[in-house]
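Written below as structure tokens is the structure these notes are about.
Nothing here was measured: the structure is a model prediction, and the numbers come from that model.
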Amino acid sequence: MNNAEKKKIDLDKRYLRMATIWSENSYCKRRQVGALIVKDKMIISDGYNGTPSGFENVCEDENNVTYPYVLHAEANAITKIARSNNNSEGATLYVTDAPCIECSKLIIQAGIKRVVYSRKYRLDDGLRLLEKAGIDVVFMTFENEK
């Protein structure tokens, strides 16, 4: 591995750690997910899973079932861009968990070209859709590393 490749991997791991820290903002109990959208080495958006603006910050019902209106971290980050002067064309999405099929559709439509994630999900249909769309999908762990 050359120096440029090592630097890219180190940067990817840093952004993934930042997404993990960002996930701590989530009020969800079952799973906290964080996402960052990076373009030209600048964070242009961020998101974590949670309820829409104006809703109570409760993600699960009394049976620990997630409410259907809870937004995923990726969806929050992508929709935040829609309310800004930025765009995500050619950007990289760093997300703690593998994207679901619905978020994968948003990722494709947002022009994101690379997805880096650190936790696998029981379903892989979202990842397969991203790969079918020609998006570079990278699984990377960083636990127990400096």
Worksheet entry | Residues that Y67 engages under ring-ring contact (aromatic ring centres under 6.0 Å, His included), provided they are two or more places apart | Y69
Worksheet item: Which pairs pass side chain to side chain donor-acceptor pair (under 3.5 Å) with one or both residues in residues 87-99, sequence neighbours excluded?
Response: D12-Y94, R31-D97, K39-N87, D97-R119
Practice prompt. Could you check if a side-chain atom of T51 sits within less than 4.5 angstrom of a side-chain atom of N57, using non-hydrogen atoms only?
Written response: yes
Response to the item:
salt bridge (Lys or Arg N to Asp or Glu O under 4.0 Å) with D10: of K13, K6, K8, only one passes, and it is K6
Practice prompt. Among residues two or more places apart or on two chains, list those pairs meeting salt bridge (charged side-chain N to carboxylate O under 4.0 Å, His left out) that have a residue in residues 70-79.
Written response: none
Item to complete: State which residues pass disulfide (SG to SG under 2.5 Å) with C59; sequence neighbours excluded, sorted by chain then number.
Response: C28
Validation: residues 75-82 side-chain donor-acceptor distances under 3.5 Å, sequence neighbours left out:
unit_1: N76; atom_1: ND2; unit_2: Y48; atom_2: O; d: 2.7
unit_1: T79; atom_1: OG1; unit_2: A75; atom_2: O; d: 2.8
unit_1: T79; atom_1: OG1; unit_2: N76; atom_2: O; d: 3.2
unit_1: K80; atom_1: NZ; unit_2: D46; atom_2: O; d: 3.3
unit_1: K80; atom_1: NZ; unit_2: D46; atom_2: OD1; d: 2.5

Worksheet entry | Y117 side chain reached by L93 side chain, heavy atoms, under 4.5 Å | no
Worksheet item: Who passes salt bridge (charged side-chain N to carboxylate O under 4.0 Å, His left out) against D125, sequence neighbours left out?
Response: none
Worksheet entry | Where S84 and N86 come nearest, the two heavy atoms and their spacing | OG-N, 3.1 Å
Worksheet item: Is it true that I9 and V116 fall in one hydrophobic cluster, defined by side-chain heavy atoms closer than 4.5 Å?
Response: yes
Give every donor-acceptor pair under 3.5 Å between a side-chain atom in residues 105-113 and any protein atom, sequence neighbours left out.
unit_1: K105; atom_1: NZ; unit_2: E102; atom_2: OE1; d: 3.4
unit_1: K105; atom_1: NZ; unit_2: E102; atom_2: OE2; d: 3.1

Worksheet entry | Joint hydrophobic cluster, L11 plus M42, side-chain heavy atoms closer than 4.5 Å | no
Worksheet item: Mind checking whether V115 and P99 have side chains closer than 4.5 Å, heavy atoms only?
Response: yes
Worksheet item: Is it the case that more than 12 heavy atoms not belonging to E56 sit under 6.0 Å from its CD atom?
Response: no
Practice prompt. Measure the spacing between CG of L129 and OG of S104 and express it to the nearest 0.5 Å.
Written response: 5.5 Å
Practice prompt. Using modelled atom types only, decide if a donor and an acceptor are shared between the side chain of N63 and the backbone of V65 within a distance under 3.5 Å.
Written response: no
Discussion item. Looking at Q32, is its backbone amide N or carbonyl O close enough to the side chain of S26 to form a donor-acceptor pair, meaning the two atoms are under 3.5 Å apart?
Written reply: no
Discussion item. Let me check something: do V58 and L71 share a hydrophobic cluster, defined by ILVMFWY side-chain heavy atoms less than 4.5 Å apart, either directly or through other members?
Written reply: no
Worksheet item: Partners of R30 by salt bridge (charged side-chain N to carboxylate O under 4.0 Å, His left out), sequence neighbours excluded?
Response: none
Worksheet item: Which residue pairs pass the salt bridge (charged side-chain N to carboxylate O under 4.0 Å, His left out) test with at least one member in residues 59-69, sequence neighbours excluded?
Response: none
Item to complete: I would like to know whether I44 and V38 meet side-chain contact (heavy atoms from CB on, under 4.5 Å); could you show each step before the answer?
Response: CA-CA 6 Å; I44 60 169; V38 177; over 6 Å; no
Discussion item. I need the full list of salt bridge (charged side-chain N to carboxylate O under 4.0 Å, His left out) pairs touching residues 126-139, with sequence neighbours left out, sorted by first then second residue.
Written reply: R114-D136, D124-R128
Worksheet entry | G47 versus W22, closest heavy-atom pair with distance | O-CD1, 3.3 Å
Discussion item. When you compare the side chain of L127 with that of F139, does any pair of heavy atoms fall below 4.5 Å?
Written reply: no
Practice prompt. List in chain and number order the residues that pass salt bridge (charged side-chain N to carboxylate O under 4.0 Å, His left out) with K7, two or more places apart in sequence or in another chain; answer none if no residue qualifies.
Written response: none
Worksheet item: Should L16 and V138 be regarded as members of a common hydrophobic cluster, given that ILVMFWY residues are connected when their side-chain heavy atoms come within less than 4.5 Å of each other, either directly or indirectly?
Response: yes
Worksheet entry | Non-neighbouring partners of Y27 that pass ring-ring contact (aromatic ring centres under 6.0 Å, His included), sequence neighbours left out | none
Worksheet item: Would a hydrophobic clustering, with Ile, Leu, Val, Met, Phe, Trp and Tyr connected at side-chain separations under 4.5 Å, put M18 with M140?
Response: yes
